[in-house]
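What follows is a set of notes on a single structure, which appears directly below.
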Amino acid sequence: MSNIAAQRIQREFNEVIKSDEAQKFSIKLEMDGSDFRHINGEIAGPPDTPYESGNFKLEIKIPDTYPFNPPKVKFLTKIWHPNVSSVTGAICLDILKDQWAAAMTLRVVLLSLQALLAAAEPDDPQDAVVANQYKENRALFTSTARYWTTVHAGGKQLNPDFDKKIHTLLDLGVEKHQALVALSACDWNLDRALEQIFS
Amino acid sequence: MATNEPLNPARPVESESPGGAEPGPSKKPDKDSKDDKGGNEKKDDQEKSSGSFECNICLDTAKDAVVSVCGHLFCWPCLHQWLELRPNNKTCPVCKAAISRDKVIPLYGRGADSSSDPRNKAPPRPAGQRTEPEPQHSFMNGFGFGGDGAGGAGGNFQFHFGIGAFPFGFFTLMNNGLNLGNNAQMPPGQSEDDVFLSRVFMGMAIFFVLWLIFI
């Protein structure tokens with residue numbers, strides 16, 4: 001059974017490498033050493049989204065029962081998205097769960113994740129805080145997601161206002177990522193973020 | 001994407017070398033433009049044709065191939081494993097159409113040796129559904145039906161008679177006709193008349209057949 005998995009992963013690698021998307025540096029796969037069960041993926045943030053110009057690293061674990069069961073995928077790069085946990089990077093996507101089909105490939109998975117970045121599903125959230133912000137205050141969600149992209153994924157859009165608030169917390173001895181998470185979750189309200197951190 | 005560099009050059013070369021038929025790295029086209037054009041096309045064709053017979057699950061050339069009603073090709077062991085895994089939600093791995101053991105059609109290529117598949121732990125793939133053709137009516141039966149339909153009330157007697165008459169001898173037939181036919185109106189013993197009658201009927205029958213054919 002794992003024989004099929006090994007052979008398939010090899011073929012899927014070739015498929016991804018030959019694909020148009022890889023030529024355009026939009027998706028990428030790397031094997032972790034010679035172990036086909038651990039693969040690192042990377043997707044580019046889709047244009048016209050807050051994730052534009054960011055590159056998001058993914059951890060892909062291939063089960064022995066692949067392709068009859070879906071690969072286990074999570075974001076290694078921190079991302080602010082309703083369907084991705086801002087803490088663990090766990091992804092809520094149907095094709096990685098019950099809607100998986102054996103004919104799907106890693107390329108399909110990567111492209112689906114890219115599509116998920118472009119079209120979030122706030123009604124089926126992985127991260128309730130993010131999903132809530134997405135629904136209640138879309139503009140703030142967008143700038144927060146963009147800021148996370150800049151901080152974690154190499155995005156180029158700066159936000160001096162958010163920088164200032166982060167630095168305020170840093171000066172109080174708060175760790176940087178903790179400050180970012182608290183501020184993001186509290187709609188960038190300094191007082192509430194402080195309350196959350198020190199309560 | 002600086003990290004892309006180490007990945008791209010290394011993988012394709014490594015992966016393409018085992019498959020001899022696949023097009024080589026990009027150096028080839030420089031040699032001779034005319035010949036190479038043809039060569040590349042050929043290789044593309046080869047790749048395409050082998051690609052169209054790949055199992056959608058293991059991505060290898062399909063062994064013990066079956067095709068779903070929705071037209072997707074699989075190895076039977078692969079598909080069987082997929083169906084076993086989700087007995088309550090049997091869908092095509094490609095298009096998610098409903099699929100089941102009974103609804104896949106095995107493909108029998110020529111010279112295939114199904115016992116050579118080492119992975120073949122699955123039960124033998126389902127047999128093809130083979131519907132026997134409708135039993136062929138004998139010529140005269142066909143005629144008889146035609147007569148019933150077309151000839152109306154008057155035709156009935158003659159055609160029943162004709163059915164019996166043709167394949168066997170006249171006399172046997174005569175008896176059959178007389179004993180079995182609903183319309184046996186002639187008393188036995190009038191053999192000359194009978195022969196004459198049967199000839200008449202046969203003539204009419206032939207005429208009727210021709211009429212049916214040419215109409």
Side-chain angles (χ1 to χ4, degrees), chain A residues 1-19 21-32 34 36 39-45 53-57 63-70 77 94-95 97-108 153-154, chain B residues 1-19 22-23 25-26 44 47 50-51 54-63 68 70-75 77-86 88-97 99 117-119 121-122:
Chain A
M1 194 139 65
S2 64
N3 189 21
I4 302 183
Q7 193 182 31
R8 242 192 81 141
I9 293 301
Q10 188 62 49
R11 284 170 189 268
E12 291 187 32
F13 253 89
N14 299 341
E15 182 195 44
V16 167
I17 285 156
K18 283 180 193 161
S19 68
E21 296 86 20
Q23 307 293 331
K24 286 183 277 183
F25 305 119
S26 163
I27 60 172
K28 207 177 75 172
L29 278 183
E30 273 173 325
M31 215 177 281
D32 197 1
S34 61
F36 73 87
I39 297 171
N40 292 320
E42 196 172 306
I43 56 175
S53 77
N55 290 313
F56 298 88
K57 290 195 185 302
D64 281 342
T65 50
Y66 187 83
F68 300 102
N69 286 314
T77 305
D94 57 355
I95 64 155
K97 292 169 184 166
D98 55 329
Q99 289 300 305
W100 171 255
M104 288 175 178
T105 61
L106 294 178
R107 174 171 167 265
V108 172
Chain B
M1 276 217 176
T3 38
N4 211 51
E5 293 307 320
L7 177 67
N8 259 352
R11 288 285 163 201
V13 176
E14 187 185 298
S15 56
E16 277 176 4
S17 49
E22 289 189 322
S26 56
D44 280 353
E47 209 170 50
S50 71
E54 279 172 11
C55 165
N56 279 290
I57 293 179
C58 66
L59 309 185
D60 207 344
T61 306
K63 292 170 184 166
S68 62
C70 43
H72 297 112
L73 182 71
F74 307 96
C75 306
C78 293
L79 185 64
H80 178 262
Q81 206 172 336
W82 171 252
L83 295 176
E84 283 283 285
L85 213 71
R86 43 201 77 211
N88 303 320
N89 183 23
K90 293 184 174 174
T91 54
C92 170
V94 180
C95 69
K96 298 191 173 170
I99 195 172
D117 185 356
R119 281 177 298 135
K121 292 172 203 160

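Note that the structure is a prediction, hence the values are computed from the model and not measured. Worth knowing before you read on, the calculation uses all heavy atoms, side chains too, and leaves out hydrogens, waters and symmetry mates.
Heavy atoms only, all atoms of each residue included: A/Arg11 and B/Asp60 are closest at NH2-OD1, 3.3 Å. Minimum heavy-atom separation, B/Trp82 to A/Trp100: CH2-O, 3.3 Å. When all heavy atoms are compared, the tightest approach of A/Ala103 to B/Pro93 is CB-O, 3.2 Å.
Contact of A/Gln99 with chain B is made through backbone and side chain together, with heavy-atom distances under 4.5 Å. Contact of B/Ile57 with chain A is made through backbone and side chain together, with heavy-atom distances under 4.5 Å.
Between B/Arg86 and A/Asp98 no salt bridge is recorded (no basic side-chain N to carboxylate O distance below 4.0 Å).
No side-chain heavy atom of B/Gln81 sits under 4.5 Å from any side-chain heavy atom of A/Thr65.
Not one N or O on the side chain of B/Lys96 forms a donor-acceptor pair closer than 3.5 Å with the backbone of A/Ala101.
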